[in-house]
Amino acid sequence: MARTSFFNRRKMKTSKSKQENQIKTTIELGTNLADNLKNIRTLLGEPGDLIIRETTLGETDTKCAIVYLSGLVDQDLVNNNILKVIQSNINEIDTNRINEVFQQIIAITDIKKGTKFDDVINSLLSGSTLFYLDDMDTVLILGTTGGERRSIEEPQSEALIRGPREGFVESVHTNIALLRRDIKNPNLRFKSYEVGKKSKRTIVVSYLEGIINPTLLKEVNRRLKSINLDIVSESGFLEQWIEDSFLSPFPQMINTERPDRVSSSLLQGKVAILVDGTPFALIAPITYSETLKSLEDYYERWLVGTLIRILRYLGTFIALFLPAIYIALVSYHQGMIPTELAFSIALTREGVPFPSFVEALLMIITMEILQEAGARLPKNLGQTIGIVGGLVIGEAAVSASIVSPVMVIVVGLTAISSFTNPSYSAGIGFRMLRLTFMIAAAILGLYGIILAYIMLNIHIANLKSFGVPYSAPFAPTYFSDWKDTIIRVPITMLEKQPKYMKIEDSKAKSNEEEQK
Amino acid sequence: MTPMEDKDLQISEKDIVILVPSIVVAVGILSLPAKLAGVTISSDGWIPLLVGGIIMIFVTWLVVKLATSFPNQTFLTYASKLVTKPIAIVFTLLFVIQGIIIAAIEVREIADISKVYLLNNTPAEVLSLSFLLVVIYAVSGSRAGIFRLNMLFFPFIIFISLLIIILSIGWISLENLLPVFQTSIGGYAEGMKTGIIYYGNIGFLLFYMAFAKQPKKAPKMAARGMSIVVVLYILLFFVCIGVMGNGATTNLIYPTIDLAKELEIPGGFFERFESVFFTIWVMAIFTTALIALDGAVLALQSVMKKIPKLTIIFCLAPLVYFIGLLPKDYVELSTFGTYMAYFSLILLFCVVILLMIFSKIKGVK
């Protein structure tokens with residue numbers, strides 16, 4: 001019952017906000033050049049970067065104007081390919097067939113005709129140049145998008161030792177080009193959406209026709225169409241809007257800066273979503289085991305890849321359970337610790353005034369603060385934090401008998417292990433879960449840990465990412481997909497598309513439909 | 001974001017293979033060697049265990065065969081066709097009672113065992129309540145999720161069982177296992193009676209088989225699942241007797257856990273292996289309690305279609321908890337458990353035989 005009312009409220013809210021915020025102008029395009037230019041000036045509030053160049057067409061008397069926002073356009077293109085040709089070439093003009101003539105004169109390939117003021121303004125804001133001609137209610141929109149952009153660099157958040165050094169940039173067109181260079185296949189599709197109520201953003205859905213499951217594509221499109229946001233300034237907005245469960249600690253899409261990661265996912269029949277203005281692309285659907293994969297597993301030889309992947313699973317286990325198990329053993333099951341070790345732990349804990357849970361909590365919170373502070377600081381200061389925070393505070397805390405040395409080892413090992421997770425977003429989820437396990441261990445010991453673990457499994461078993469169960473390929477079981485989970489078999493034995501994507505099923509189904 | 005619409009639940013062959021051990025393997029095996037060793041001499045208990053197992057493999061096959069001869073129909077639908085609706089409803093409600101009581105026994109037993117092996121000072125009520133809450137959380141999720149859970153936990157259960165068996169091989173002494181075949185016929189019969197009830201409670205297969213993806217293969221798969229249980233039981237019984245001897249095993253309450261106590265993990269990471277073993281075994285008990293409660297919910301749903309699932313769960317859960325609190329001590333709980341096991345077996349036999357006869361009479365192939 002509660003659920004339905006919750007959704008009703010949400011619906012009401014969205015319908016209300018729809019009426020409030022829409023970029024709708026009542027202005028129409030007229031035939032008078034001066035009026036049209038005045039309209040643009042007043043709508044934008046006469047900004048300093050709005051350039052309006054009024055001139056005449058060649059040597060005729062017809063007045064015309066070029067309008068653009070400096071900084072968003074490629075200045076050379078405007079000067080050489082538009083202004084110059086307009087001013088020089090023309091001697092005579094047939095005003096009735098103006099548009100055809102212009103398409104021959106202006107030396108730019110991307111030309112559109114604009115008849116609606118809204119379209120015209122939107123393309124002006126995204127870097128196009130407008131060409132107005134007196135006595136015409138049609139505007140030519142010239143694709144001159146340019147200006148200063150970041151160049152292609154090595155991705156900061158996903159450094160690999162071996163692998164391509166290219167990373168995505170903020171321009172979606174560059175990103176598309178990067179993918180095209182990776183996959184030279186005519187079936188590679190890019191489908192664009194314009195999203196956002198207050199500011200339009202280009203969102204590009206990329207997939208490989210023929211490999212992708214059509215049901216998945218339909219679902220992605222359905223979700224993208226439901227977006228009702230003011231602005232999509234990062235792919236994170238999009239991710240949160242279209243993800244399956246917003247209560248889950250696990251990301252249901254992977255974000256990546258690496259074109260090679262996106263292209264390998266596309267070849268597996270997945271969907272990538274690129275957003276203009278951010279280097280982070282989204283990949284969907286994913287499963288739990290996907291969050292522990294790194295591309296390097298494939299670039300290195302299979303034995304190395306497998307070992308490193310097992311190490312990563314071990315790291316995740318330690319990052320999740322070690323503090324909890326330590327708390328459970330020290331507070332409830334002392335008998336389980338080997339005798340000598342139990343004695344030495346008891347010895348080091350002598351003088352520590354807190355129970356082990358409080359001790360662990362203190363250390364874990366300190367560590368989280370250090371981690372957060374390190375991420376916010378400039379790069380060259382980050383090291384200082386590591387030294388001051390990690391070494392000095394840790395050492396001092398031990399000698400002041402606030403924490404025991406064993407606890408420092410436990411927390412240190414936990415922190416390092418949690419960095420083995422290749423996906424930052426998934427790693428954050430584990431940090432939350434670690435705290436949950438610690439609380440469970442503090443209340444019910446090992447019994448609490450196993451109950452919390454069962455609950456985690458219940459959650460994972462019920463979680464889906466775009467219709468694919470998060471626990472695949474373990475449950476539901478696809479044995480052939482196990483070749484690329486905890487272990488990574490030699491590349492020659494690796495199948496391109498995982499079974500859990502149900503690509504074969506969808507192909508069979510579409511074949512059946514065709515035969516009917 | 002509203003999730004993608006879940007298609008109709010379908011359970012694959014692998015799910016069925018794993019469903020049977022998930023239903024059957026739980027607290028029973030922890031005390032089985034003691035009960036069985038009490039009525040047989042030295043290691044002879046494996047014979048009634050094997051014979052009972054073979055009978056139950058056949059029964060499992062029969063149950064699933066019956067259920068899947070009406071593909072994609074719920075128990076209530078085909079039972080109503082065969083033996084009128086009121087009787088079908090009575091049967092369904094009996095299964096509901098079975099589910100509630102089995103869940104209650106599991107919830108109670110887990111608290112009792114945890115108190116002995118893990119947390120000596122925590123009140124049993126807290127232990128059973130926290131376990132029950134986790135079970136409720138799982139039941140309120142999707143039913144497909146429950147099958148995925150079985151699949152996720154099964155490897156752990158098999159792994160820890162195999163580990164305990166392999167580690168104990170070095171400790172087995174032949175004197176404990178010999179002499180063989182000394183038990184009288186009466187002893188074997190007694191052993192059969194004791195042993196077979198630990199295979200019981202597979203009645204819920206009647207309800208779950210409505211979701212089988214390939215009904216034709218299902219009986220074979222379920223029988224295969226039951227064989228896993230039989231092999232596991234016999235192996236664990238053997239190592240218990242082999243390591244501790246018939247006499248000591250008889251006197252223990254949970255010999256399988258105490259067997260783990262005898263063992264040492266190479267490397268000396270943990271002492272008291274029995275705590276680790278029981279911690280993992282919580283998963284096995286969990287899947288059984290989960291299927292019992294979910295089976296009860298599924299059966300009730302088929303009778304009362306209009307009541308939402310969550311309402312049913314929240315009505316059943318307090319019942320489970322309080323029934324679990326009823327037995328005063330281990331003896332009462334054990335007797336209660338035994339009667340319950342007989343009840344579920346007799347119910348299963350009655351329903352299957354009755355429905356078989358009627359389906360023959362009414363000429364369903």
Side-chain angles (χ1 to χ4, degrees), chain A residues 1 3 7 215-216 218-219 222-223 226-227 239-246 252 285 328-329 332-342 440 443-455 457-472 474-479, chain B residues 1-7 11-12 14-15 18 110-111 114-115 117-122 126-127 130-131 133-135 137-142 144-156 267-276 278-283 286-287 290 308 310-311:
Chain A
M1 292 296 118
R3 191 174 284 169
F7 279 112
T215 332
L216 169 66
K218 230 199 265 163
E219 178 67 15
R222 179 181 80 83
R223 291 188 188 192
S226 78
I227 291 177
E239 182 182 353
Q240 291 172 63
W241 191 279
I242 64 175
E243 70 188 353
D244 289 67
S245 159
F246 56 87
Q252 292 128 51
L329 290 190
Y332 290 100
H333 319 286
Q334 295 90 345
M336 283 176 73
I337 312 171
T339 322
E340 289 87 18
L341 186 61
I443 300 172
L444 287 173
L446 275 183
Y447 186 68
I449 295 180
I450 194 73
L451 287 191
Y453 178 68
I454 291 176
M455 282 179 72
N457 274 290
I458 296 171
H459 172 68
I460 290 183
N462 281 310
L463 187 63
K464 281 187 167 187
S465 162
F466 288 83
V468 173
Y470 209 60
S471 48
F474 297 110
T477 316
Y478 298 97
F479 285 116
Chain B
M1 191 68 230
T2 48
M4 206 164 159
E5 274 174 38
D6 226 332
K7 277 182 202 157
I11 49 179
S12 66
K14 287 172 212 148
D15 286 327
I18 285 172
I110 202 164
S114 312
K115 239 176 123 52
Y117 292 97
L118 283 173
L119 300 159
N120 306 332
N121 300 323
T122 316
V126 175
L127 295 174
S130 49
F131 181 73
L133 288 177
V134 175
V135 174
Y137 176 40
V139 176
S140 18
S142 70
I146 290 173
F147 286 99
R148 272 179 232 139
L149 269 180
N150 287 340
M151 200 66 112
L152 286 176
F153 289 156
F154 184 69
F156 286 97
F269 276 115
F270 282 115
E271 295 204 355
R272 295 213 185 166
F273 184 51
E274 79 273 15
S275 301
V276 180
F278 179 67
T279 307
I280 306 286
W281 207 253
V282 170
M283 291 183 192
F286 168 78
T287 51
L290 171 63
L310 277 185
T311 317

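What you see below is based on every heavy atom in this structure, not just the backbone, and it leaves out hydrogens, waters and symmetry mates. Below, chains carry the letters A, B, ... as their sequence lines are ordered, and counting in each starts from 1.
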- Query: Taking A/G335, A/G445, A/S471 one by one, which has the highest count of heavy-atom pairs under 4.5 Å against chain B?
  - Reply: A/G335

- Message: Between A/L446 and B/F278, is there a side-chain heavy-atom distance shorter than 4.5 Å?
- Response: no

- Item | Nearest heavy-atom neighbours spanning B/M151 and A/T477 | CE-OG1, 2.8 Å

- Any chance you could measure B/F286, atom CZ, to A/M455, atom CE, to the nearest 0.5 Å? 9.5 Å

- Which distance, rounded to the nearest 0.5 Å, do you find between the CG of A/N462 and the CZ of B/R148? 7.0 Å

- Query: Taking the side chain as C-beta and beyond, is there a heavy-atom pair between B/L152 and A/F474 under 4.5 Å?
  - Reply: yes

- Item | Structural part of B/T122 lying under 4.5 Å from a heavy atom of chain A | side chain

- Picking from A/I450, A/I449, A/L451, what satisfies side-chain contact (heavy atoms from CB on, under 4.5 Å) with B/T279? A/I450

- Item | Heavy-atom pair count under 4.5 Å with chain A, highest-scoring of B/N120, B/L149, B/I18 | B/L149

- Message: Can you tell me which portion of B/F273 sits under 4.5 Å from chain A's heavy atoms? Options are side chain, backbone, both or neither.
- Response: neither

- Message: Show the nearest heavy-atom pair for residues A/A461 and B/G145, with the distance to one decimal.
- Response: CB-O, 3.5 Å

- Measure up the A/Y453 and B/F156 rings against each other and bin them: parallel (under 30°), tilted (30 to 60°), perpendicular (over 60°). perpendicular

- Measure B/S114 against the heavy atoms of chain A and call it side chain, backbone, both or neither at under 4.5 Å. side chain

- Message: Quick check for you: to the nearest 0.5 Å, what is the distance between B/S275 atom OG and A/H333 atom NE2?
- Response: 7.0 Å

- Note on the structure: When rounded to the nearest 0.5 Å, the distance separating CD1 of A/I454 from OG1 of B/T287 is 8.5 Å

- Query: Considering only heavy atoms from C-beta outward, does the side chain of A/Y447 approach that of B/S130 to under 4.5 Å?
  - Reply: yes

- Task: Check each atom of A/L329 against the heavy atoms of chain B and say whether the ones under 4.5 Å are side chain, backbone, both or neither.
- Result: side chain

- Counting only heavy atoms closer than 4.5 Å, note whether B/I146 contacts chain A via side chain, backbone, both or neither. neither

- Task: Answer yes or no: is there a donor N or O on one side and an acceptor on the other, between the side chain of B/Y137 and the main chain of A/I458, under 3.5 Å?
- Result: no

